[in-house]
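Please read the structure below before turning to the comments.
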Amino acid sequence: MTYTLLVSAILCTIAGLVPSGPNEPQVNLRLTFVCGQKTTYQFNSWWQRSVVVKTTSGSQPYEVPSGLTGSSVDLRFSQQVRSVDPNGNAVADIQIEGLSVFEEQVGDPVIDSDSRRDKTGPLARLVGKGYKIRLAPDGRVLDIQGIAELAKLLVDPNGGPQARKAAELLSGPFIRQVHTVAGLAACGPGPHLVGSHWSDIKTVSFGTLGSRTFERSYTLSQIKQEEGRRVAVVDMTGSLASDPAQQAYLQDPKLKALIDRMDFQFRYGGQLQIDLSEGAIESSKEVLEVNWVAIDPRVQLTDKTPEPNTILMRSVQGLELRRIRPDGNDLSLAEPVRCRLHFEEGRAFGYEIRSSRQIKIHWDPNTDPNLRPDALSSLDESLHMLVTLEPILVRPGGSARLQGVFRSVRVERGRQGQDGQVQSPDPVESLQAKQFTLDVAANGRIVDASDLDALLKQVGQSAFRQDPRYGWVKDQEMISDVVATLWFFWDAISSMDANGVRPGQGWNSLLSVPTPMVSRKARQVAYSLDRLEQTSDGLVAVIGSRYSLSGMPAPSSWPIPYSGRFRVSGTFGFLGAYRFQDLQGSGVDRFNVDKGIWEGTSQQFWYKVQAAVPIPFARAGAGNPIIFVDQTVKIQRIDTSSFKGR
């Protein structure tokens, strides 16, 4: 990535305040260096590009996104000042303490390396190595020493994508990106009052989409007191440069005609915080987002025109720096947490899956069930499965093909005041001993589940019996519970930002709703990384989730185990015209970051559905039946040693 923004490892101290009055603090924004000073930083750079086609089907707009293309680099390093010359320039030793790199091409991982997990390979070999840089007081990198020798030792020309990336990280442009304090030279020698402004010019390349030049503006917005420390805050904004000739710089002529017809949207911002009391960068982050938007030229826009078809090309680039303080609670993880599965051929892992619900049907909401017990029915049903998954092929980049086996499948049903099963066996029990394959990316995204989909369709067909009076009749089954669990195994991590998240940050997704009736309903999920736990088995990310009723239809990619016209036996065939009214709940997922293993999930939620009784059976004055469902889903990783050889 050629794009360089303001965040860099400031490897020194900032000159102190220059008093000019009790209410007018001034700051010398120059770097000063002290021999022997050592500081640790976390540097993160990332970029992502995507294309989204927005179209309308009927009256409902929807989006068709492409897979993401991009990369992220998380670099943890220390710097120690070795010498300072009379001009204030310093020579500093840099040592790489941790490194994680992720690259994807149209949604498919190309590189997935994390030094906390991976101990071999070109990228892992960079950890513990270092080089020297020479820094000026105005934030410029004057010289780099030792990278040529390091590259010869570590970069393997036949090492594939990792070797290519390692060579890039040891290149002069990348190292200057990490250690240059962009914008500091432009501010002048100072001193600066609060409210001072300065700017510089930056050209950003977007590959075949051309380049854009913009002006970055910096404002010393405040000097604040924070936990006994004085902190200078510099706000960053941006605008496109005014010279039109600059905007066409390096633009691909094949795309120029298209780009010229598209609306260009630009957004840039960031903030730098400098700890003046200790003379170090506290935090810095800046993000550049651009969008190219094209509207179908055939559309004549009016107030009654549906939303027109559009193409949105988006590019997001950013840099972030965080100072790592010596803190026992740091867990050596100031960088964003990225949850990646770690597969090894032949290393099987197993899960116990339980999905159960208690169902209450209020046949007439206008009637008090305490006065009329027959106005309330209670049912319950549960699914218990043991499933093992064994990697049979692990690909470069971390994706794998898994061999799955249903080791045990059992369904139980009951009604209030009754014991035992109402219907046995449930069609899903035919899954026992069945095998299937799954292709899974390292981030948990299921790439190919066609085998599992075919099995679910077989189960769906086995749920039907032919009644001479009514034709095809479907018996009760718990296929939707298999879908809501196994189909969404790693959703909490596969829906996570590819650049990682920090405790307190959140992201969204959709999960299916397991139901006792024929329904394909989605629930909206709001995930958050609640905390990190250091356990004897490794670092565990605790991911919380909250559920609500989604207004969107279930995606067409979700499995449909049966189709056509048929009747349904039992209570949920007698009722009909189901309309979901509410859904609420929460859950917790646990993921072992160090081992790359999903430990499981615990989910508890309820939903409310309004139904209708067939007209011949409806009572005058009675309300529509209301169904309340309390649903529990629990998935827990188990020891697979007892299944070996079976």
Side-chain angles (χ1 to χ4, degrees), residues 348-360 378-390 402-438 449 451-465 474-489 511-519 559 561-562 568-573 587 598-605 629-646:
F349 44 98
Y351 292 91
E352 180 180 27
I353 303 170
R354 294 181 180 272
S355 180
S356 60
R357 52 182 160 265
Q358 295 181 333
I359 308 161
K360 293 186 181 297
S378 297
L379 308 89
D380 61 75
E381 55 186 2
S382 64
L383 168 69
H384 182 207
M385 299 189 298
L386 297 179
V387 176
T388 57
L389 298 166
E390 180 177 341
L402 309 180
Q403 178 73 63
V405 181
F406 289 95
R407 299 290 181 173
S408 173
V409 183
R410 187 175 73 252
V411 172
E412 294 182 351
R413 287 191 177 89
R415 297 179 182 271
Q416 189 176 41
Q418 298 181 0
D419 296 322
Q421 297 180 351
V422 174
Q423 173 192 322
S424 180
D426 187 288
V428 301
E429 293 181 325
S430 65
L431 288 172
Q432 183 156 325
K434 294 290 177 63
Q435 299 184 9
F436 60 95
T437 60
L438 287 176
D451 265 14
L452 180 58
D453 188 38
L455 275 180
L456 295 176
K457 284 181 168 60
Q458 290 178 20
V459 174
Q461 290 303 310
S462 69
F464 287 91
R465 53 186 167 86
K474 188 186 73 65
D475 288 326
Q476 287 179 273
E477 38 73 20
M478 296 190 73
I479 302 177
S480 69
D481 296 76
V482 181
V483 172
T485 53
L486 195 54
W487 198 271
F488 297 91
F489 242 41
L511 291 175
S512 70
V513 181
T515 64
M517 69 282 293
V518 176
S519 174
Y562 31 68
V568 179
S569 66
T571 301
F572 297 103
W598 182 60
E599 299 289 351
T601 184
S602 177
Q603 306 173 15
Q604 184 77 45
F605 56 96
V629 179
D630 282 317
Q631 179 76 42
T632 300
V633 173
K634 291 185 178 180
I635 303 176
Q636 184 175 2
R637 188 168 67 92
I638 58 174
D639 182 13
T640 60
S641 58
S642 61
F643 298 115
K644 289 184 177 179
R646 294 170 53 186

State, yes or no, whether a side-chain contact exists between Gln435 and Leu455 at a heavy-atom distance under 4.5 Å. no

Donor-acceptor contact below 3.5 Å, side chain Ser569 vs main chain Lys474: yes

Report yes if some heavy atom in the side chain of Val629 is under 4.5 Å from a heavy atom in the side chain of Thr515; otherwise report no. no

Does atom NZ of Lys634 have more than 12 heavy-atom neighbours from other groups under 6.0 Å away? no

Which is it for Phe349 and Trp598 under the ring pair (Phe, Tyr, Trp, His ring centres under 6.0 Å) test, yes or no, and what are the steps along the way? CA-CA 10 Å; Phe349 44 98; Trp598 182 60; 9.6 Å; no

Would you say the side-chain atoms of Gln432 pair up with the backbone N or O of Val409, donor to acceptor, closer than 3.5 Å? yes

Any salt bridge linking Asp426 with Arg413? Criterion: basic side-chain nitrogen under 4.0 Å from a carboxylate oxygen. yes

Is any side-chain heavy atom of Ser378 closer than 4.5 Å to a side-chain heavy atom of Ile359? no

If the threshold is 4.0 Å, N to carboxylate O, is there a salt bridge linking Glu381 and Arg357? yes

Over 60° means perpendicular and under 30° means parallel, so tell me whether Phe406 and Phe436 are parallel, tilted or perpendicular. tilted

Main chain of Tyr351, side chain of Gln636: is a donor-acceptor contact present, judged purely on distance under 3.5 Å? no

For the side-chain contact (heavy atoms from CB on, under 4.5 Å) test, which of Glu477, Met478, Arg410 pairs with Leu383? Met478

With side-chain hydrogen bond (donor to acceptor under 3.5 Å, both in side chains) as the criterion, how do Gln403 and Thr437 come out once you've worked through the C-alpha distance, each side chain's angles and the decisive distance to 0.1 Å? CA-CA 5 Å; Gln403 178 73 63; Thr437 60; over 6 Å; no

Count the heavy atoms belonging to other residues, nucleotides or ligands that lie under 6.0 Å from CD of Gln358, then report whether that count exceeds 12. no

